[in-house]
Amino acid sequence: MGVVIETFTWEPSSSFFIFFFVSTFLSILLFPYLAKNRTFCTFDHSVSSSFARFQRWFLAIYTLSSVMEGLWSVYGELELSTYGLSKESIVFYLCVGYSTALVLGPLLGVVSDLMGQKRICLLYCVLHFVVGVWKRVTMSPSAWFANVCLSLSGLVYSFGFETWLVVEHEKQSQRNDSLNETFWLMTFLESASLLGGQVLANWLVDENVQHGIALSATASLFLSVVAIVCIVQTAKEPLKTLPFRDYSAAFYAYVLGDKRIWFLGTAQACLQFSTAFFWILWAPTIVADGREVNLGLIYPCFLGSRMLGSTVFPWLMSGQSLLRLEDCLVYIYAILGIVFSIVAYDYQEIRILVVLFCLFHGCAGLALPLLARLRTMYVPNELRGGLISLSQVPANAAILFCLIQRGYSNKIENSTMMAFGAISLFTASGCIYLLRRWGKSPHQDWHKL
């Protein structure tokens, strides 16, 4: 008599998706009616018409750019494995990408501050256009060229658009409320666009992965051209003529010479470090016990929790919380560190892991606009791109080191990498606490150097 073994594929309950949708909808819908500070409302009509027009164009461009980011993040290891590359080769190409970010990252930030943020955002779209043409024409892994271009575009994405926004905001002398509003909308739309990019890429993929990659390349070409046209349609950016000597002197005095900026940059680097580890390890961690899991349905839960977390930001800024921004970040980083510690300490049930990972993304969705707000308080806008890119150097170096140790030498386990992420998050919490104790004084006008 034969034994029939039933296979079971774990999937998140539909209640997960309903919870995130309803909670996010209610958070946005009820805010204008329940907020203590009624001047901080989504799409505030008190801003000037010129900045409101720029804000709409900017959010549209940022949304298109986020869709392009999500479009290529679908494939990654799948694309390389399709061409028969070994695990060591895949790790090598990942190392190439992070090495590029490590070496060229600070340079791109300086170029952004010296040449103009609009031009660096155009570079982002051009890089995606080039990758789309390359993948469409060559139909080969082209990992060297494509990984370098995508790593550079990811760097520009991390600081170029935010810096462009704050410089334009300062140029038009708008209230901080409109800037805070755009910060959380950027995080919200980024998560929604990444999810949309995933949906688009999965819809284009069929049984032939290479055919799906070619179609995704065509979609990337179209989106990049639309984004380039939109950027060109915005107001003209004057050509900056700041000498590099003056810029370097200002950067040393107001960034490298300020301990508060060091604390803030370290906190940003720790969040980037732990987030990168999460995206590398979340799937192997969930399927560690050998059960079949529908990962495609878990991923939207992460982005949904991130969207929900971002909607908490306007509530905090409107006076609903008695805590300062620094205090909120201290607790958020501590929660993130606890989440990583639980995962690193022992394997949990899939349901518990999904809840913990959703909590991680929810807190990260709130931390990102809070960090952007703190950068506005402490960092001169003319030096913002250089600071953000410089703060990514230690994170990229640490990620590269762990990839080499894990991918080639197998000297560290996944749980150890999670423990490193937890330590970095607790370190970030301490840095924000020291930033809180150090106090705040408005940054001076560095043009007087």
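The basis for the numbers below is simple: all heavy atoms, side chains too, and nothing from hydrogens, waters or symmetry mates. Quick caveat: nothing in here was measured; it's all calculated off a predicted structure.
Separating the CG atom in L325 from the CG atom in L329 is a distance of 7.0 Å, to the nearest 0.5 Å. Here the NE2-CD distance, from H169 to Q55, works out to 9.0 Å after rounding to the nearest 0.5 Å. For the atom pair SG of C402 and CZ of F273, the computed distance is 4.5 Å after rounding to the nearest 0.5 Å. Atoms SG and CG, on C363 and L368 in that order, are 11.0 Å from each other to the nearest 0.5 Å. Atom CD of Q268 is separated from atom OG of S158 by 8.5 Å, given to the nearest 0.5 angstrom. Rounding to the nearest 0.5 Å places CG of N414 at 10.0 Å from CD1 of I280.
Counting heavy atoms from C-beta outward, L400 and S99 have side chains that approach closer than 4.5 Å. No side-chain heavy atom of S424 sits under 4.5 Å from any side-chain heavy atom of F277. Counting heavy atoms from C-beta on, the side chains of L256 and W262 come closer than 4.5 Å. Under the 4.5 Å side-chain criterion, counting only non-hydrogen atoms from C-beta, V343 is in contact with F357. Put simply, the side chain of W184 reaches to within 4.5 Å of the side chain of T311, judged on heavy atoms. Between L155 and S151 the shortest side-chain heavy-atom distance does not fall below 4.5 Å. Side-chain contact between I61 and C121 is absent, with no heavy-atom pair separated by less than 4.5 Å. Within the 4.5 Å cutoff, the side chain of F183 has no heavy atoms near those of the L371 side chain.
Panel note: side chain S429, backbone V330; a donor-acceptor pair is recorded below 3.5 Å. At least one donor-acceptor pair under 3.5 Å links the side chain of S153 to the backbone N or O of L150. The closest donor-acceptor contact from the side chain of S274 to the backbone of G421 lies at 3.5 Å or more, if one exists at all. Side chain of S112 to main chain of L108: no donor-acceptor pair is present (N/O by atom type, distance under 3.5 Å, no hydrogens or angles). Remark: the backbone N or O of S23 is not paired with any side-chain donor or acceptor of S27 at under 3.5 angstrom. In this structure, the side chain of D113 engages the main chain of G385 through a donor-acceptor pair within 3.5 Å.
The aromatic rings of Y62 and F161 lie perpendicular to each other, with more than 60° between the two planes, well past the 30° mark. A tilted orientation is assigned to the rings of H361 and W279, their planes being inclined by 30° to 60°.
Here E162 pairs with R375, R384 under the side chain to side chain donor-acceptor pair (under 3.5 Å) rule; sequence neighbours left out. Take S193 and apply the side chain to side chain donor-acceptor pair (under 3.5 Å) test, not counting sequence neighbours, and it matches no residue. Residues forming a side chain to side chain donor-acceptor pair (under 3.5 Å) with Y124 (at least two apart in sequence, or on another chain): E69, H128.
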Run the numbers on E168 and K118 for salt bridge (Lys or Arg N to Asp or Glu O under 4.0 Å), then give the verdict.
CA-CA 10 Å; E168 188 69 24; K118 180 178 177 180; over 6 Å; no
Test side-chain contact (heavy atoms from CB on, under 4.5 Å) applied to D258 and Y378, step by step
CA-CA 10 Å; D258 192 340; Y378 289 98; 5.8 Å; no
Run the numbers on V156 and L152 for side-chain contact (heavy atoms from CB on, under 4.5 Å), then give the verdict.
CA-CA 6 Å; V156 174; L152 293 177; 5.6 Å; no
Any chance you could lay out the ring pair (Phe, Tyr, Trp, His ring centres under 6.0 Å) test for F340 and F360, step after step, and finish with the verdict?
CA-CA 8 Å; F340 264 57; F360 172 83; 5.1 Å; yes
Check step by step if side-chain contact (heavy atoms from CB on, under 4.5 Å) holds for F251 and L390.
CA-CA 11 Å; F251 196 86; L390 183 63; 3.8 Å; yes
Can you list the steps and then say if N381 with T163 is a side-chain contact (heavy atoms from CB on, under 4.5 Å)?
CA-CA 7 Å; N381 292 336; T163 309; over 6 Å; no
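For the residue pair Y333/T427, the side-chain donor-acceptor check at 3.5 Å is not satisfied.
When every heavy atom of G132 is checked against every heavy atom of A217, the shortest pair comes out as O-CB, 3.5 Å. Taking each heavy atom of A269 and S391 in turn, the nearest pair found is CB-O, 3.0 Å. For the residue pair L353 and T285, the shortest heavy atom distance occurs at CD1-O, 3.9 Å. The heavy-atom pair separating A276 from I399 by the smallest distance is CB-CD1, 3.3 Å. Residues S66 and Y157 approach most closely at OG-OH, 2.6 Å, considering heavy atoms. Minimum heavy-atom separation, M186 to L165: SD-CD2, 3.7 Å.
For Y299, the OH atom is densely surrounded, since the number of other residues' heavy atoms within 6.0 Å is greater than 12.
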